[in-house]
Visitor: 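Pasting a structure below so you can have a look.
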Protein chains: 2
Amino acid sequence: MSRSPQQPPQRSFVGKYADDLGQLISQQIKPVYKAMGIQVPVKSCSLVHVLGYLHQASLVDLAKCLNQSHQLIKQKIPRLLELKIITHSKDPHDKRRTLYQLTDLGRQQAGILKQNPMEQIYQQLSEEVGADIQSVLMAAIEQLQQKDLYTRYNEHNEY
Amino acid sequence: MSRSPQQPPQRSFVGKYADDLGQLISQQIKPVYKAMGIQVPVKSCSLVHVLGYLHQASLVDLAKCLNQSHQLIKQKIPRLLELKIITHSKDPHDKRRTLYQLTDLGRQQAGILKQNPMEQIYQQLSEEVGADIQSVLMAAIEQLQQKDLYTRYNEHNEY
DNA sequence: TATGCAATATATTGCGCAATAGATTGCATA
DNA sequence: TATGCAATCTATTGCGCAATATATTGCATA
């Protein structure tokens, strides 16, 4: 049946490739983290990492640091409580806020992450692709936050 | 409360930034696609695009072209059938296979995508970040498929 | 003090993807 | 023909995230 010779990649699917890379990494990184002794769920590692610096933080604090919605942070909390990586306590000065801290286990885990264990690996990968991957990604995010795709689209079409 | 001054980004979270970029784009692109007259769900556009070249394809054909699992492709099918963008028919020569084709609407939609409507926008964005974003992403994916993170990790630690 | 808005947190629903298991058909070959 | 394996498709469950709605507390100010 018309099996195709993998047609040429089109320049319209940057989003797809970004997703593909993110998912590829989150899969491949699981055994690596396991070998490193990291028990934190992969997608919660950045949360644990920032808590290592903040010591105490509310959902909104964490959301701002991680550039994510506070609702999303909230969804990760129950599992981290179960795993005894974080604890929570009420803010005595603001009854709306709940403060989260790392447990001893959490601090140990954050300590591993703080050593930047993937540094060399990503650096080598960056050399292979000819650009600093993380810098490119961060720059792209920043540029799109400053001027979104719809604005760019309109600018290209208003002449 | 210990509100932090946005601590320095660490080099260990390439996966997170790839995810962030992918999600940012898939959000920002919705109004753009709408303005272009694209009715296909954002995450199914690449599927419709390749069907425009294949004309007829099974789940496995599509999965290979898109570098995704056939199960995932399958999950997108019902919605595309509802929207009357694709149709399906049994392969007369192989009763295991179901063949999918574009409808008239689907071909019209694929026609829009074929014009590479985001080309200029992504090119400008690439200039702003100082590297061809799509090339970097594709190269990173390819390198990781050839040698995964766990292998790289072990190579860094066996000396 | 009472009113209204802001900040924070919680709950629910839906989408996209991964992972696994299971069913059917095709095909080679004993 | 009968057996077993491969290819294809289907179904189910769980995770992560978005989007929206709702509730509670804090705070400014009329």
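Order of the sequence lines sets the chain letters (A, B, ...), proteins ahead of strands, with each chain counted from 1.
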Visitor: Where each residue is assigned the nucleotide of DNA chain D containing its nearest heavy atom, which of A:P41 and B:L59 is assigned the position nearer the 5′ end?
Guide: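 Its nearest nucleotide lies further toward 5', so the answer is B:L59.
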
Visitor: Reckon A:S69 has a side-chain N or O less than 4.0 Å from the OP1 or OP2 of D:dC17?
Guide: no

Visitor: What is the distance from CZ of B:R97 to C1' of D:dA6, rounded to the nearest Å?
Guide: 14 Å

Visitor: Within residues 73-87 of chain A, which residues have any heavy atom lying less than 4.0 Å from an atom of DNA chain D?
Guide: A:Q75, A:K76

Visitor: Using a heavy-atom distance cut-off of less than 4.0 Å, which residues of residues 25-37 of chain B contact DNA chain D?
Guide: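 Heavy-atom cutoff 4.0 Å gives B:Q27.
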
Visitor: Please round to the nearest 0.5 Å and tell me the distance separating atom CG of A:L59 and atom NE2 of A:H88.
Guide: 11.0 Å

Visitor: Are the side chain of B:H55 and the backbone N or O of B:Y53 linked by a donor-acceptor pair below 3.5 Å?
Guide: yes

Visitor: A:L47 has an atom CG; how far is it from atom P of D:dG16, in whole Å?
Guide: 12 Å

Visitor: How many Å lie between CD on B:Q71 and P on C:dC15, as a whole number?
Guide: 20 Å

Visitor: Mind calculating the distance between CG (B:D20) and C1' (D:dC17) to the nearest angstrom?
Guide: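 So the two atoms are 11 Å apart, to the nearest Å.
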
Visitor: Could you give the distance from CD (A:Q68) to NZ (A:K74), rounded to the nearest 0.5 Å?
Guide: 16.0 Å

Visitor: Are B:H70 and D:dC9 stacked, counting the six-membered base ring, centres under 5.5 Å, planes under 30°?
Guide: yes

Visitor: Can you confirm whether the side chains of B:Q120 and B:Q124 place a donor and an acceptor under 3.5 Å from each other?
Guide: no

Visitor: Hydrogens and angles aside, do B:T151 and B:N154 bring a side-chain donor and acceptor to less than 3.5 Å of each other?
Guide: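 There is no such pair between these side chains.
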
Visitor: Check every strand shown and say whether A:Q23 touches a base, only sugar-phosphate, or nothing at a heavy-atom separation below 4.0 Å.
Guide: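 If one applies the 4.0 Å heavy-atom cut-off, A:Q23 turns out to touch the sugar-phosphate alone, with no base involved.
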
Visitor: Would a 4.5 Å heavy-atom cut-off, applied to side chains only, mark B:T98 and B:S58 as touching?
Guide: no

Visitor: Give each protein N/O atom lying under 3.5 Å from an N/O atom of nucleotides 22-27 of chain C, with the pair distance.
Guide:
residue : atom : partner : partner atom : Å
C:dG26  : OP1  : B:K95   : N            : 2.8
C:dG26  : O4'  : B:R96   : NE           : 3.4

Visitor: Just how far, in rounded Å, is P of D:dT8 from NE2 of B:H88?
Guide: 19 Å

Visitor: If I take atom CD1 from residue B:I141 and atom CD from residue B:Q146, how far apart are they, to the nearest 0.5 angstrom?
Guide: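 Spacing of CD1 (B:I141) from CD (B:Q146) equals 12.5 Å.
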
Visitor: C:dT20 C1' sits how many Å from B:L72 CG, rounded?
Guide: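 The distance from CG of B:L72 to C1' of C:dT20 comes to 15 Å, rounded to the nearest Å.
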
Visitor: Given the rule in the side-chain contact (heavy atoms from CB on, under 4.5 Å) test, do A:Q109 and A:L113 qualify, once you have shown the distances and angles that lead to the verdict?
Guide: CA-CA 7 Å; A:Q109 296 280 296; A:L113 292 172; 5.7 Å; no

Visitor: Could you check if a side-chain atom of A:Q56 sits within less than 4.5 angstrom of a side-chain atom of A:D91, using non-hydrogen atoms only?
Guide: no

Visitor: Wobble G-U and Watson-Crick pairs count when both distances are under 3.5 Å; given that, what is the 5' to 3' dot-bracket string of DNA chain D, with | for pairing to other strands?
Guide: ||||||||||||||||||||||||||||||

Visitor: Kindly indicate, with the supporting measurements, whether the criterion salt bridge (charged side-chain N to carboxylate O under 4.0 Å, His left out) is fulfilled by A:R107 and A:D104.
Guide: CA-CA 5 Å; A:R107 272 185 289 276; A:D104 287 346; 2.7 Å; yes

Visitor: For B:N67 and C:dA18, give me the distance from atom CG to atom C1', rounded to whole Å.
Guide: 15 Å

Visitor: Starting from A:V50, can I reach A:L72 by hopping between I/L/V/M/F/W/Y residues whose side chains sit under 4.5 Å apart?
Guide: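 Unlinked, A:L72 and A:V50 end up in two clusters.
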
Visitor: Whole angstrom is fine here: how far is it from CD in A:Q68 over to P in D:dA18?
Guide: 7 Å

Visitor: For residues 27-38 of chain B, dump all side-chain donor-acceptor pairs below 3.5 Å to protein atoms at least two apart in sequence or in another chain.
Guide:
residue : atom : partner : partner atom : Å
B:Q28   : OE1  : A:L149  : N            : 3.0
B:Q28   : NE2  : A:L144  : O            : 3.1

Visitor: Can I get a per-line list of side-chain donor-acceptor pairs under 3.5 Å for residues 78-87 of chain A, giving both atom names and the distance, sequence neighbours left out?
Guide:
residue : atom : partner : partner atom : Å
A:R79   : NH1  : A:E82   : OE1          : 2.7
A:T87   : OG1  : A:Q101  : OE1          : 3.0

Visitor: For B:R152 and A:E128: C-alpha separation, side-chain torsions, deciding distance, then whether salt bridge (charged side-chain N to carboxylate O under 4.0 Å, His left out) applies.
Guide: CA-CA 13 Å; B:R152 293 167 185 267; A:E128 291 173 11; 3.0 Å; yes

